[in-house]
Amino acid sequence: MDYLDQVANPYCNPEDAAICNDLFERLYQVCTPREKRFLVLRYFYNASLKEIAADLNITRRTANNIKFKVQKKFSALLV
């Protein structure tokens, strides 16, 4: 599980929930429309890369590339 998965975990404790929500909102703000759709599908609907690829009409590899781009943007927010 990567760090973004941990932050998006719906079971994070209440003290961390505000921080998780803030980070997620900041990430969402800097994403492209396709990356935003990825975030919604992955972290609110728990969709797999295969399911995300089908929804976005892209290959699984492209979905994985979007994941890495989103993770990179997330890492930049933490610095």
Side-chain angles (χ1 to χ4, degrees):
M1 178 184 298
D2 61 48
Y3 190 69
L4 184 55
D5 286 332
Q6 291 174 356
V7 170
N9 182 349
Y11 303 110
C12 69
N13 69 52
E15 294 173 356
D16 292 338
I19 295 169
C20 294
N21 291 337
D22 180 58
L23 284 171
F24 200 82
E25 179 62 31
R26 289 173 48 204
L27 175 62
Y28 192 82
Q29 298 278 332
V30 298
C31 287
T32 66
R34 188 159 61 163
E35 292 167 343
K36 288 177 180 180
R37 181 70 182 155
F38 175 90
L39 284 171
V40 169
L41 292 170
R42 180 71 183 109
Y43 298 107
F44 290 103
Y45 293 99
N46 202 28
S48 67
L49 286 178
K50 183 178 178 181
E51 294 166 329
I52 293 168
D55 183 87
L56 294 174
N57 198 28
I58 58 176
T59 65
R60 187 181 179 282
R61 184 174 188 177
T62 301
N64 199 43
N65 288 341
I66 292 170
K67 178 182 177 183
F68 286 121
K69 288 178 185 177
V70 169
Q71 288 174 333
K72 188 174 181 179
K73 288 180 180 185
F74 182 70
S75 294
L77 289 174
L78 297 177
V79 175

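Note that these values count all heavy atoms, side chains included, but never hydrogens, waters or copies made by symmetry.
Considering only residues two or more places apart in sequence or on other chains, Ser75 meets the side-chain hydrogen bond (donor to acceptor under 3.5 Å, both in side chains) condition with none of them. Taking the side-chain hydrogen bond (donor to acceptor under 3.5 Å, both in side chains) definition, one finds that Asp55 meets it with Arg37, sequence neighbours left out. Annotation: side-chain hydrogen bond (donor to acceptor under 3.5 Å, both in side chains) contacts of Asn57 (sequence neighbours excluded): none. Scanning for side-chain hydrogen bond (donor to acceptor under 3.5 Å, both in side chains) contacts around Arg60 gives an empty result, with sequence neighbours left out. Partners of Tyr28 according to the ring pair (Phe, Tyr, Trp, His ring centres under 6.0 Å) rule, which considers only residues two or more places apart in sequence or in another chain, do not exist here.
Within the model, atoms CD1 of Ile66 and CG of Leu39 stand 10.0 Å from one another, a figure rounded to the nearest 0.5 Å. Interatomic distance, Ile52 CD1 to Tyr45 OH, rounded to the nearest 0.5 Å: 12.5 Å. Rounding to the nearest 0.5 Å gives a distance of 6.0 Å between CG of Leu41 and CG of Leu56. Note: Lys69 NZ to Thr32 OG1 = 7.5 Å, rounded to the nearest 0.5 Å.
Both Leu27 and Leu78 are members of a single hydrophobic cluster when ILVMFWY side chains are connected at heavy-atom separations under 4.5 Å.
For residues 70-79, the set of pairs meeting the salt bridge (charged side-chain N to carboxylate O under 4.0 Å, His left out) definition, not counting sequence neighbours, comprises Glu35-Lys73.
Contact detail for Glu51 and Asn46: the closest heavy-atom pair is OE1-O, 4.3 Å. Minimum interatomic distance between Phe74 and Leu23 (heavy atoms only, all atoms of both residues): CE1-CB, 4.1 Å.
Taking the side chain as every heavy atom from C-beta outward, Arg42 and Val70 never approach each other to under 4.5 Å.
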